[in-house]
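The structure appears right after this line, and notes come after that.
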Amino acid sequence: MANRLTGAAAVRRTLFYAGSAMIAIVMFLPFYWSLLTAVKPNEEIFTIPIRWVPTSITFEHFVTAFTTVPFGLYFWNSFVLAVLGVAFNLFFGSLSGYAFAKLRFRLNQPLFRILLAAMMIPGVVTMIPSVYVLQHFPLLGGNNLLGEGGFGLMNTIWGVILPGASGSFAVFFMRQFFVSLPSDMQEVARIEGAGEFRIFWRIYLPLTAPALATLGIFTFQAGWNSFLWPMIVLSDPQKHTIQMGLQAFSYNYQTDFGPMMAGALVAIAPILVLFLLLQRYFVQGIAFSGVKG
Amino acid sequence: MSAINKLERHQARTAYLFIAPTMLLFVIFMVIPVGMALYLSFTNYDVLSRMDWVGLDNYRRLWDDSLLWLTFRNVLLYAVLFVPLNIVVSFGLGLLVNKAWRGIKLLRTLYYLPTLTSAVAAATVWLWLLHPEFGLVNGVLSGLGITGPAWVAETETAMVAIVLVTLWQSVGSNMIIYLAGLQGVPGHLYESARLDGANRWDMIRYITWPQLRPTTFLVSTMAIIGALQLFDQAFVLTQGGPANTTKTPVYLIYQQGFNQLQMGYASAQAFVLAMAILIFTIVNMRITRAEESVI
Amino acid sequence: MKKKWMTLTATVLTTALLAGCSGNSGGSAGGNAGEGGTNSGAAGSGESGGAPVELTFWGDWGGEGQAQFETMAGAFNASQDDIRVKYVLQQDMITKFLTSATSGGTPDILFWDRWRTSLYAPKNVLHPIDELMARDGVERDHYFEESLKELTYNDQLYGLPLTVDARALFYNKTMLEEAGLELPTTWEELATAAKALTKRSGDRLEVAGFSMGDPGLFSMYLQQAGGQMLTADGKTNFNNAQGLEVLSFWDRLMNEDKVYKIGFEQGLGEGTDAFVTGKLAMHYTGPWMLSTYKKYGSELDFGIVPPPAGPGGDLASVMGGFGLVIPEGSQHKEEAWTFIKWWLANKDNAMLWAETSLNLPGYKPALEDPFFADDPLWQPFLETLEFAKIRPQHPGYSVMEVDGLIPNLELFLQRKQSAEETLAKAQTQGDKLLKDNEVIE
């Protein structure tokens, strides 16, 4: 392959790799530091200038991290929350995103704009009202029809999942991708007698595979990294999440850098794996291979 | 005629069915809490003991709140720098890695890595890179004969440093959005352009960029919201200093509501911020011509 | 391939929904488990033979801090049969406390940053303990009066001090010896030492003699200069001769002697501490840094002295620390008090806590133990605590400092504002913040 490249193309390729590598170093450096800190002995963590090549490697921080925090349990809890978040958001998000992008109905624009506008209100002030809503959810968690008497959805994973199950971002995101797809396939399919759900599910949704993959990574990451809301909702230590566990290394104005970085590294592994797996959907032309065929 | 009407009605029914779960969740978990917060903004709610109606008192108090307006100025400056740069850089990166060359997956992963890097690690390394005496950035500058500033500590440069670090943090995910968008640009458009003798730049300018208008609207809207609601990414770097230059409205709202127990007033501040974001977004809609159809 | 993915999504979704239904019914059955301390158990005290009363103790220390609290709860549980205390980590405790205040899920004991008392006590969410103290003969003399004052509002006491701390001057022994310097005891000596310890190569600062990185220390300097931060009627009180004295001292250190440079420790903080790495010779910090320095600074030889006296000979440092309080919403106040008394009004238990956590305990008799009194690193803090004063008790005080005073001090340190202008502006802005955040009756 390479020896068949013409001179100009070879130069372009070299330039590309040189430039990309420069950017990559900047992007990678802080991550590399966290990697180093996780395997450095304590005495070497604080040095000026930062020592980029460790003189000795230790795994004691990983041991500390795993023995201080029940990582297995927290991993599983976070995994459940993140996967459910992804499933709900991909399904509901694409369903409504499609409706807002491709179907005509009178309230289309106003409702979509209200969804957008809601994202502009800072979450800090809706937090306490949201807890109130969860607490007083009728007929659940020991509540009566008026939402009194029990704990509603508090301390359940549904209290974490449902408020974000069809996030405005997911709807917005999917709508923008459906908008850029041509509408004529819809007409053709209708003439052929396909039902609306079938048109969405069989024709349009497969075309948004790269978008779904992207949204999947984002929602997984958001669910996996969310800290404040799960902490507020979930009181039972058995339901705690990985991000709550990672807070364990700071206390009394001190930070245990080694175990903290070791824990953080382990915690991002699933996202990294997911990212690598979903890259297969970023192959140019995949979207339209279906149309042409 | 009636057949078309019937089709339209059927389409509308389907649409309402499709958006029903979303709207239901939205009403329960968004509209109700926002409504409650709006009500609270007319009270002296302190979370613990009081919730009396005070009319427009909170909104009147906003006028005199010079610190709040200062934080507004801070995030406006931030947004003006951050939003366009964010779009340009992530679009550029998206184009750069939209290839099937060897090693491209590794590059994409590396570019995405900042969004996964622990905030503490990011802050530590960036603060070190930007250190006035021992930092790499000023090292390079002094090689060029320039005395670099104390980036995060001086009033003139602190916000620039925050723009830099938050860009570093966020371009990875926007690059992926653009990358996903690029997969949807029909290949035949490029082919016919090539036949017309268009060069690479023309194709980006006249095909790729316009085709990605919906994606750009998405990226820019989210960037505006994120910029005006900036909080913790800035806080880990500068804690709002020096001299209040990097304090942000959400920092104040949090402090007022949760630390000072004036949730009523904090809610009023939050709604004013939401209005500002809304105005910015509408302006952005005009600029990106978001409502025009692409195809 | 695509199809498989879609099927997978659909399957996961269905499973999720099914699990959701069963999860909810399960949730309603056990809905109040772990929801706080207000579950089963009679409120009455002194019952014997029955099931022990379960107490929930909230704190925001995780990791080793959590282990330390659990050691104490375990020792208490082992000491008697009527009460069981359980420590629950709340990573963001204040947010959690506020969100659960609306839902009734209040703990029985709260780990408490004492300065918050002036904010929370007026809201009637903390339980006063004066009667309990008097009934059980717990003596006030066993605590630093200042630390009790910080837990007091309107003449009512709301908890007992768990730890006490104050800032003192940490110095790098090696550097001080190399320069042949005596330990500084006055501002004058401090300035001399700082200048001598500073190392520059050309314009470049290699080693800072003394840290000027935290303008929040203004309140300490002001008291050393004989001033007070607030007047008796809750207004700022630093736009005066004492305030100017502090600023001219700072100006001398920063701009004449050039012992420091703006932003020098930013980037040498967090993961790369300037003092540990020998880039900083002296700075003010508290006893909480002792374990960090011991852990990361194997080559660091350091000592500590009480803060040097101001020009008029005034000694000052700011006292802080934590306490334990009982929320008004607790159903088991009597049992909670029993636990607090066991921990904070008993020398053996206070010592157990001190040795477990390496904090200075709030209970004075424990501080007389050789563990502290004979240790050269603890001893300077004991000395400092004798004259240290708490922050003024105004619910707007910390906002006034952070949003009003410090920003102006930063402008001054960067030579963007004169001393007079700095103090005048800080006064105007600070007074407004104090007024906006004062207690509303």
What residue in [options] has the most heavy-atom pairs under 4.5 Å with chain B?
options: A/Gly164, A/Ser168, A/Ala264, A/Ser130; answer: A/Ser130
options: A/Ile23, A/Leu29, A/Ile268; answer: A/Ile23
options: A/Val26, A/Ile25, A/Leu276; answer: A/Val26
options: A/Ala118, A/Ala165, A/Ala211, A/Ala267; answer: A/Ala118
options: A/Leu215, A/Leu162, A/Leu116, A/Leu265; answer: A/Leu162

Examine whether an atom of [X] lies under 4.5 Å from a heavy atom of chain A, and if so say whether it belongs to the side chain, the backbone or both; otherwise answer neither.
X: B/Thr115; result: both
X: B/Leu93; result: side chain
X: B/Leu107; result: side chain
X: B/Gln11; result: both
X: B/Met23; result: side chain
X: B/Ile225; result: side chain
X: B/Arg102; result: both
X: B/Leu228; result: neither
X: B/Leu38; result: neither
X: B/Phe231; result: neither
X: B/Phe280; result: neither

[X] vs [Y] side-chain heavy atoms within contact, under 4.5 Å:
X: B/Thr22; Y: A/Leu95; result: no
X: A/Ser20; Y: B/Tyr111; result: yes
X: A/Met127; Y: B/Phe258; result: yes
X: B/Ile19; Y: A/Phe105; result: yes
X: A/Gln279; Y: B/Thr109; result: yes
X: B/Met285; Y: A/Arg113; result: yes
X: A/Pro30; Y: B/Trp168; result: yes

- Message: Looking only at the aromatic ring of each residue, does the gap between the centers of A/Phe172 and B/Phe217 stay below 6.0 angstrom?
- Response: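 Yes, the ring centres sit under 6.0 Å apart.
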- Near-ring test B/Phe18/A/Phe100, centroid separation under 6.0 angstrom: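 So the answer is no for these two rings.
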Residue among [options] with most heavy-atom pairs under 4.5 Å to chain A:
options: B/Gly181, B/Ala180, B/Ala270; result: B/Ala180
options: B/Ala122, B/Ser173, B/Gly35; result: B/Ser173
options: B/Leu273, B/Leu96, B/Ile253; result: B/Leu96

- Message: If only side-chain N and O atoms count, and only distance matters, is there a donor-acceptor pair under 3.5 Å linking A/Gln221 with B/Tyr112?
- Response: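 Yes, A/Gln221 and B/Tyr112 have a side-chain donor paired with an acceptor closer than 3.5 Å.
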- Query: Between the main-chain N or O of A/Phe16 and the side-chain N or O of B/Trp101, is there a donor-acceptor pair closer than 3.5 Å?
  - Reply: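 Not confirmed, B/Trp101 side chain does not pair with A/Phe16 backbone.
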